[in-house]
Amino acid sequence: MPIRTRAAIIRQSPGEYETVELELDDPRQNEVTVKLTASGLCHSDDHLQTGDMVLGHYPMCGGHEGAGVVTAVGPHTPGYEVGDHVVFSFLPACGKCAACSRGQFNLCDTGANTLVGSRADDVSSFRMHLDGEDVGQMAGISTFAEYTTAHVDSVVRIPKDIPLKEAALVGCGVPTGWGSATNMAGIEPGHTVIVMGVGGIGINAVQGARHAGATTVIAVDPVPFKREKAQEFGATHSFADIAEATTFAQSITEGQGADSAIVTVGVTTGEHVGQAVAAIRKGGTVVLTGVGKMAEVGIPVSPFEMVMMQKRIQGAIYGGNSPHDVIPRLLRMYQAGQLKLEELITKEYTLDEVAQGYRDMHAGTNIRGIVVYE
Ligand SMILES: NC(=O)c1ccc[n+]([C@@H]2O[C@H](COP(=O)([O-])OP(=O)(O)OC[C@H]3O[C@@H](n4cnc5c(N)ncnc54)[C@H](O)[C@@H]3O)[C@@H](O)[C@H]2O)c1
Ligand SMILES: [Zn+2]
Ligand SMILES: [Zn+2]
């Protein structure tokens, strides 16, 4: 029997999240229904409000960073039971497509309908409905809902002794930022790393850079509170803008520049990337993790400089991680006291306060806001 659930949806972009009661389908084969415990307020769901990211279907139920408890399991769906604790991965991983077969699970073909919100194998198949109209599910999971139904490729079972509120954050922000540093930046012990933009993603790039062995981690953010937080998470220095950070990095590397720079600005532009390229040394790497206007084209860098200095710009989705590998791994690190999770949460919200949570994000008062369900 389909159930009714409250959920935060967006009807158009630009637009604002509003709470509605919608109809949620039962899980089909290889699907589960989950009662959400918590959902992080990642900037990517705000791109839907501003229209930076244009969706393939409206209305859309937002949210892609969540955790909860399985309440129903589809027929012939082995490996899952009612009562299982799960973290959602914002990218599904099928294990069989060309990308998965290469070991690039974060590039799985089944992620293609992420911004349509239908099932991966059938673009016309939706699990949420409002007054007879199909509602998309952000990333196929839509964690801004009391209950959601998702494919098991987007679901990672976790041990029951891990608090679900903190676990929600390893659905997107933590692995994305951490992996941007540990997998994508080529950090080696002793390196100097710049992290540009200290929100929910950048703060985890700071943690990741320290884990990867960086000696100097330079955080850049115009908001003083963000710079303070960065120091608590392992940044050794912090600056309000990238020009100051670049000058400092050069001053401690005999003029060479940072070994790598990770761009995690909320609304990333080509200009930000150009600034990061100017901050790194010969042979250095810029990791591009932040996103901005989908339609924007162009990065102001000198092709000549790229060649002569052999610099690299590396795009990074999900920090280059394999979701089913990284989520349990990060949670083990959390349990061992090696990874900060509670400290990421600045403020808790109800489902009705999603839009307010994003206003606070823009005001610069949150590292991560989180919706907590009853
Ligand atoms: N690639 C991926 O897999 C992936 C996954 C999740 C999120 N993202 C993207 O990462 C970005 C960051 O997300 P978030 O949730 O951390 O956002 P956020 O809004 O919490 O943080 C962004 C930070 O950038 C700072 N900032 C703004 N302008 C700046 C500038 N010129 N220099 C330095 N800092 C500046 C802001 O003050 C803020 O602290 C977003 O674009 C988001 O969509 C990418
Ligand atoms: Zn996210
Ligand atoms: Zn795949």
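Each ligand, and each atom within it, is numbered from 1 in the order the structure gives.
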Can you tell me how far CZ of F90 sits from SG of C172, rounded to the nearest 0.5 angstrom? 4.5 Å

About how many Å separate CZ of R6 and SG of C61, when rounded to the nearest 0.5 Å? 12.0 Å

Short list, please: which atoms of ligand 1 are under 4.0 Å from a heavy atom of [X]?
X    : value
F90  : 3 (O)
T264 : 12 (C), 22 (C)
H47  : 40 (C), 41 (O), 42 (C), 43 (O)
V291 : 9 (C), 41 (O), 43 (O)
K226 : 38 (C), 39 (O)
C42  : 6 (C), 7 (C)

I242 touching ligand 1 at heavy-atom level, < 4.0 angstrom: no

Please confirm whether V220 approaches ligand 1 to less than 4.0 Å, judged on its heavy atoms. yes

Using a cut-off of 6.0 Å, state whether more than 12 heavy atoms not belonging to E81 lie near its atom CD. no

Nearest neighbour in protein (non-hydrogen) for [atom]:
atom                    : result
atom 3 (O) of ligand 1  : Y318 N, 2.8 Å
atom 15 (O) of ligand 1 : R368 NH1, 2.7 Å
atom 44 (C) of ligand 1 : T289 O, 3.1 Å
atom 30 (C) of ligand 1 : V265 CG2, 4.0 Å
atom 7 (C) of ligand 1  : S44 OG, 3.2 Å

If you take the nearest heavy atom of each of [options], which one is closest to [atom]?
atom                    : options                : answer
atom 5 (C) of ligand 1  : T176, T269, L41, V287  : T176
atom 31 (N) of ligand 1 : M53, H272, M361        : H272
atom 26 (N) of ligand 1 : A245, G320, A316, P222 : P222
atom 21 (O) of ligand 1 : A240, G199, S180       : G199
atom 41 (O) of ligand 1 : G266, A276, G290       : G266
atom 13 (O) of ligand 1 : I201, T346, D46        : I201

Any cation-pi pair here, K340 with Y334, using under 6.0 Å and within 45°? no

What's the SG-the Zn ion (ligand 3)-SG angle here (C100, C94), rounded to 10 degrees? 120°

Output field for angle at the Zn ion (ligand 3), C97.SG vs C108.SG, rounded to 10°, should show 110°

Single hit among [options] for side-chain contact (heavy atoms from CB on, under 4.5 Å) with [X]:
X    : options          : answer
H191 : T215, V217, D259 : D259
S180 : V263, T289, I317 : T289
Q314 : V286, L288, T285 : T285

State whether the shortest distance between N or O atoms of [X] and N or O atoms of ligand 1 falls below 3.5 angstrom.
X    : answer
N366 : no
C172 : no
D221 : yes
G292 : no

Location of contacts on [X] toward ligand 1, heavy atoms closer than 4.0 Å:
X    : value
H362 : neither
V198 : backbone
V223 : side chain
H43  : both

Is there a donor-acceptor contact under 3.5 Å from the side chain of [X] to the main chain of [Y]?
X    : Y    : result
S322 : F105 : no
K347 : G357 : no
Q137 : M60  : no
T19  : A7   : no

When you compare the side chains of H64 and D45, does any donor N or O come within less than 3.5 Å of an acceptor on the partner? yes

Less than 4.0 angstrom from a charged side-chain N to a carboxylate O is my criterion; do [X] and [Y] meet it?
X    : Y    : answer
R127 : E31  : yes
K165 : E342 : no
R227 : D221 : no

I262/I194 under side chain to side chain contact (heavy atoms under 4.5 Å, CB included): CA gap, chis, key distance, verdict: CA-CA 6 Å; I262 302 167; I194 294 175; over 6 Å; no

Determine whether H272 and V267 satisfy the following criterion, side chain to side chain contact (heavy atoms under 4.5 Å, CB included), listing intermediate values before the conclusion. CA-CA 9 Å; H272 293 136; V267 185; over 6 Å; no

Does M53 form a side chain to side chain contact (heavy atoms under 4.5 Å, CB included) with S44? I'd like the steps, not just the answer. CA-CA 8 Å; M53 267 194 217; S44 297; 4.1 Å; yes

For the residue pair F248 and F239, does the interplanar ring angle fall in the parallel (under 30°), tilted (30 to 60°) or perpendicular (over 60°) class? tilted

In the protein, how many N/O/S atoms are under 2.8 Å from the Zn ion (ligand 2)? 3

The test is side chain to side chain contact (heavy atoms under 4.5 Å, CB included); show your working for V195 and I218 and say whether it passes. CA-CA 6 Å; V195 176; I218 306 167; over 6 Å; no

